Every structure is written in structure tokens, then in C-alpha cells.
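No experiment lies behind these values; they were computed from the predicted model shown. All values below come from the heavy atoms of this structure, side chains included, with hydrogens, waters and symmetry mates left out. For the single chain, residues carry numbers from 1 onward in sequence order.
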Amino acid sequence: MEAPAAPHDHSEQNPHGPSEPAGARRTLELTVTSPEDMLDLGRRLAGLLRAGDLVMLTGELGAGKTTMTRGLGEGLNVRGAVTSPTFVIARVHPSLGDGPPLVHVDAYRLGGGLDEMEDLDLDVSLPESVIVVEWGEGKVEDLTEDRLQILIARATGDDASGDADDDVRRLTVTAVGPRWTTADLSPLEA
């Protein structure tokens, strides 16, 4: 993985609505060069997570959202294979140790906001679980003011010929809320 860019300061305004405190965000740019690196990033991220944390993953099909979540599951030491929950919408992976369970949600087929997701009881699960929501943008932000939003994009034009390496991903990690804007995110930069 190549070194990340310096974090950006977005404290001057609040373009993300009234539910997000102004000044309560920072951004980290990362590059991942292989699926193995994406798994490793998930494992490292798991070391930063605790019960009550929400992680939102955004990216096109095949970007690596489930691969990162698989690494999170390994890092959190949870039971069961972490696979895409597209058709069941949510899977709960209990902890094999004393850590929090992982709730893995795929909101791709859900069209509405938090109202449509109420049947999943994410607000009830959040205090004791780590919740990862794929395709959650515009749907789960109101669960908590503290969250990590991770945008995964395929790289374009990375080599001299202008062809992109299919495995290279650019990640934008946005830390939102007091919990994350003061957290040490340096393990993600390894």
C-alpha cells in the first residue's frame, strides 16, 4: 500500500445536514493494491472498533466492500464466514471471544432511508455491536452522529500506458463525529 495523503480539515462548514455537528469530520486518503491488502486493512480497522461503532461502505459492485468486511470479521474474531448479505439483507456474526458481534448489512435493495431499515432494528443492535452497512449512504446516517464512512473507488490510469490495475482501489475514509475525529487512525495507514 502506498502512503496516504494528509488528512483534510473540513471543519469550516457542515455540508452534510443538521444531524452532523459542524467541524466533526476529517478525511484520510488510502490506496489498496490487492484484495489481500483490503483484507489486511479490514483487520487493522477491526482493532480500532468497539461496540456501538457504525461503518458505512460505499463503492460500485466489486469494489471490495465485502472483502474489507471479511477482514473486519477476522479482526473482530467473529463466527461464520463473512459473505455478502445481499439477499438476506443482514447477517449477525457473534463474537468467538469477548468482543462485540458484527452486524453486516447490505442496503443495496433497500430504497428508502432509515424508516425502511427500521425492521432490521439496527438502532437496538448498535450499542452492543459493530455495524457495517454496505450501500448505506443516505439510509443510516441518523443512527448515530459518530461513524466511519469509507468510499472505495477503482483506480483509473495508474500505469504508464494509462491502463488501471484492476486490483488498485482508492479509499476515502471520512471520520464523522467526536468519537472518530479524535481517534488515532494511524493503524489504517500501515
Side-chain angles (χ1 to χ4, degrees), residues 1 28 30-111 114 116-141 143-144 146-155 165-174 180 183 185 187-190:
M1 264 183 356
L28 183 69
L30 304 170
T31 298
V32 173
T33 59
S34 69
E36 294 78 20
D37 283 347
M38 188 69 81
L39 276 169
D40 186 55
L41 179 61
R43 288 183 205 108
R44 292 193 320 269
L45 177 56
L48 302 177
L49 297 175
R50 62 184 187 212
D53 285 339
L54 172 65
V55 179
M56 294 171 42
L57 300 176
T58 303
E60 63 188 30
L61 289 171
K65 298 178 298 295
T66 300
T67 301
M68 178 182 281
T69 306
R70 190 173 301 120
L72 275 168
E74 290 175 13
L76 290 171
N77 191 30
V78 298
R79 185 177 66 213
V82 175
T83 59
S84 179
T86 299
F87 296 105
V88 295
I89 300 179
R91 283 197 173 95
V92 177
H93 298 275
S95 176
L96 293 172
D98 59 357
L102 171 65
V103 178
H104 184 197
V105 179
D106 186 328
Y108 182 74
R109 296 185 312 139
L110 301 176
L114 191 57
E116 188 171 335
M117 297 191 72
E118 277 187 4
D119 289 340
L120 298 177
D121 288 332
L122 295 180
D123 55 336
V124 173
S125 300
L126 184 60
E128 70 266 358
S129 305
V130 167
I131 297 181
V132 175
V133 182
E134 297 184 26
W135 305 97
E137 190 172 25
K139 299 174 184 170
V140 297
E141 289 89 341
L143 279 174
T144 178
D146 295 308
R147 63 188 174 275
L148 284 180
Q149 296 173 184
I150 302 175
L151 172 64
I152 306 171
R154 292 176 194 258
D165 181 335
D166 284 342
D167 290 336
V168 175
R169 303 291 188 262
R170 305 275 187 236
L171 286 79
T172 303
V173 180
T174 304
W180 288 111
L185 299 179
L188 301 181
E189 300 172 330

Within this structure, what is the [atom1]-[atom2] distance for the pair [X] and [Y], rounded to the nearest 0.5 Å?
{"X": "Glu141", "Y": "Gln149", "atom1": "CD", "atom2": "CD", "answer": "6.0 Å"}
{"X": "Leu57", "Y": "Leu171", "atom1": "CG", "atom2": "CG", "answer": "9.0 Å"}
{"X": "Leu30", "Y": "Ile152", "atom1": "CG", "atom2": "CD1", "answer": "10.5 Å"}

Given the options Arg91, His104, Met38, Thr69 meets side chain to side chain contact (heavy atoms under 4.5 Å, CB included) only with His104
Taking only residues two or more places apart in sequence, or in another chain, which ones meet Thr174 in a side chain to side chain donor-acceptor pair (under 3.5 Å)?
-> none
Taking only residues two or more places apart in sequence, or in another chain, which ones meet Ser34 in a side chain to side chain donor-acceptor pair (under 3.5 Å)?
->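 Per chain and number, Ser34 pairs via side chain to side chain donor-acceptor pair (under 3.5 Å) with Glu36.
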Tell me the closest heavy-atom pair linking [X] and [Y], and the distance in Å.
{"X": "Pro101", "Y": "Pro94", "answer": "CB-CA, 4.0 Å"}
{"X": "Arg169", "Y": "Ala63", "answer": "NE-O, 2.7 Å"}
{"X": "Pro100", "Y": "Ser95", "answer": "O-CB, 3.8 Å"}
{"X": "Pro187", "Y": "Arg44", "answer": "O-NE, 2.6 Å"}
{"X": "Asp166", "Y": "Arg154", "answer": "O-NH1, 4.3 Å"}

Looking at side-chain heavy atoms only, is the closest gap between Leu188 and Leu48 below 4.5 Å?
->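 With C-beta onward as the side chain, the pair touches.
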Quick one: does Met68's side chain get under 4.5 Å of Val132's, heavy atoms only?
->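 When only atoms from C-beta onward are counted, Val132 and Met68 do not touch, as no gap falls below 4.5 Å.
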Name all residues meeting the side-chain contact (heavy atoms from CB on, under 4.5 Å) criterion together with Pro35; count only those two or more places apart in sequence or in a different chain, and write none if there are none.
->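 For Pro35 the side-chain contact (heavy atoms from CB on, under 4.5 Å) partners, ignoring immediate neighbours, are Asp167.
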Taking only residues two or more places apart in sequence or in another chain, which ones pass side-chain contact (heavy atoms from CB on, under 4.5 Å) with Leu49?
->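 For Leu49 the side-chain contact (heavy atoms from CB on, under 4.5 Å) partners, ignoring immediate neighbours, are Leu45, Asp53, Val55, Leu72, Val130, Trp180.
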Do the side chain of [X] and the main chain of [Y] share a donor and acceptor less than 3.5 angstrom apart?
{"X": "Ser129", "Y": "Ile131", "result": "no"}
{"X": "Arg147", "Y": "Leu54", "result": "no"}
{"X": "Lys65", "Y": "Glu60", "result": "yes"}

Using a 3.5 Å cut-off and no angle test, enumerate the donor-acceptor pairs between side-chain atoms of residues 74-82 and protein atoms at least two apart in sequence or in another chain.
unit_1: Glu74; atom_1: OE1; unit_2: Arg43; atom_2: NE; d: 2.7
unit_1: Glu74; atom_1: OE1; unit_2: Arg43; atom_2: NH2; d: 2.8

